[in-house]
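This one's a predicted model, so the numbers in the text were calculated from it and none came from an experiment.
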Amino acid sequence: MLGEYPIKGRRAADISASIEAAVGAGELSPGQLLPPMRELAAALEVNPNTVAAAYRTLRERGVIETDGRRGSRVRAKPATTGREVIRVEVPEGVRDAAAGNPDTALLPPLAPAFAWAAAQGDREPVLYGHAPVEPELARLARAELDADGVPAGPVAVASGSLDAIERVLAAHLRPGDTVAVEDPGWGSLLDLVPALGLRTVPVGLDDEGPLPDDVRRALEAGARALIVTDRAQNPTGAAVSAARARALRSVLRAHPATLLVEDDHGHRIVDLPLHPLAGVTRHWAFVRSAAKAYGPDLRFAVLTGDDVTLDRVRGRQRLGPGWVSRIIQRAVLRLTADGAVDARAVAAAYGSRRDALIAALARRGVEARGRSGMNVWVPVPDETGAVARLLHAGWAVAPGARFRIASPPGIRITVSTLTQQETEVLAEAIASAVGSSPLRNYAG
């Protein structure tokens, strides 16, 4: 504590988390002046550069603002800037390979499913006090989870995977707690964690998922939660293999108090088997969204987990939205029961486009990653330059800064709608943008 200021911590991340938590709790008021950096550093017995780094993080997140010699103060309307600002505006005539959207040609028509769902609602309206989850949807979802080896647990629904993950984290963690996250990882998740007053610790990954040694170090350093993408990891396309799952379970068994959150948004768009980690720790949650298979606008996800976690999530949900629209739930039920998505065909389509781009880049001497899903990750020496040069060449790609914490630079390319002809043109543009050239024997 520092006089009137509820600020503590020895590291920049701890200090920034302390200040943000105090703002959220009302202990620091909008417009309130913060102590000068040197004064705070002296009181906390840390290097002034540490405080400077903390203040810089808070400025970037929109929590505080700095006005030269007048010092730093809490923003009148604290806001989270978010990584969404790190995106490329797509001018007219430029091909968009940055947005991360599925191919609309592979999404099922929604009108018949919603017409059926609305008709059910007309016959049996859902009123206050009704069950929050459509019973038949819960049964079907649980049967699919059982078939994939996800441990038994109650079923809940949320408005998308990010909504589900936020509710799970809030059910167990408090401001200042640390969450281990994949790096590079999903930009929206990397924004969500600090927005909840939590700290992130990066965990590296390869094509088979998070690196066990990195996870071990994060948990031994005090991380209270771990978030893992099982398949179609965004942005790298990693998918947890059987061997990696065994290694990660071994690490987690030594840390049974860890809150484990698994995100399987790749369900129905990948052909790789699921190797869940759930059940190794006392508290866990497993989340499946409908965004990639049925369309992002559904805003729908199924989650299961241990009894305590799901009870807390459902209890807090009752105090907010109450429930996810049963019309949406019935529509998802109809889509699932009717087999509206041919998962094998969708996985094959995305897989062929992804593999084609990776192969075309390899022929030009460019390394790329993409084991599953609809994205390809390309490490680059100069991220900003590569994005700018590709934009000039007529291609918009996602800057790696949207997905990175401490990992090296890269760019993410969404291949969901690429044609074979476009693949070769894009590969050539990427090779030129990153400074590589065709291999001598290339005969494209």
Per the side chain to side chain contact (heavy atoms under 4.5 Å, CB included) rule, which among Asn101, Val90, Val397 passes with Asp96? Val90
Without hydrogens or angle criteria, can the side chains of Arg299 and Ser325 be said to hold a donor-acceptor pair below 3.5 Å? no
Show every salt bridge (Lys or Arg N to Asp or Glu O under 4.0 Å) that has at least one partner inside residues 313-326, sequence neighbours left out. Glu134-Arg326
Any Glu144 side-chain heavy atom under 4.5 Å of Arg268 side chain: yes
Using a 4.5 Å cut-off on heavy atoms from C-beta on, say whether the side chain of Phe114 contacts that of Arg334. no
Neighbour count >12 (heavy atoms, 6.0 Å) for atom CG, Asp297: no
Residues two or more places apart in sequence or in another chain: which of them pass salt bridge (Lys or Arg N to Asp or Glu O under 4.0 Å) with Arg73? none
Determine which pairs satisfy salt bridge (Lys or Arg N to Asp or Glu O under 4.0 Å) with at least one residue from residues 165-176, sequence neighbours left out, and list them in order. Asp163-Arg167
Can you check whether Ala232's main-chain N or O pairs, donor with acceptor, with Ser372's side chain at less than 3.5 Å? yes
side-chain hydrogen bond (donor to acceptor under 3.5 Å, both in side chains) partners of residues 111-120, not counting sequence neighbours, each pair once: Gln120-Arg123
Sub-3.5 Å donor-acceptor pair from the side chain of Thr304 to the main-chain atoms of Pro154, do we have one? yes
Among Asp103, Asn375, Asn234, which residue satisfies the side chain to side chain donor-acceptor pair (under 3.5 Å) criterion with Thr414? Asn375
Looking at Arg217 and Glu220, is any side-chain nitrogen of the basic one under 4.0 Å from a carboxylate oxygen of the acidic one? no
For the residue pair Glu182 and Asp263, establish whether any side-chain heavy-atom pair is separated by less than 4.5 Å. no
Report the residues that fulfil side chain to side chain donor-acceptor pair (under 3.5 Å) with Ser407, sequence neighbours left out, ordered by chain and then residue number. Asp183
Tell me, please, which residues at least two apart from Asp146 pass side chain to side chain donor-acceptor pair (under 3.5 Å). Arg142
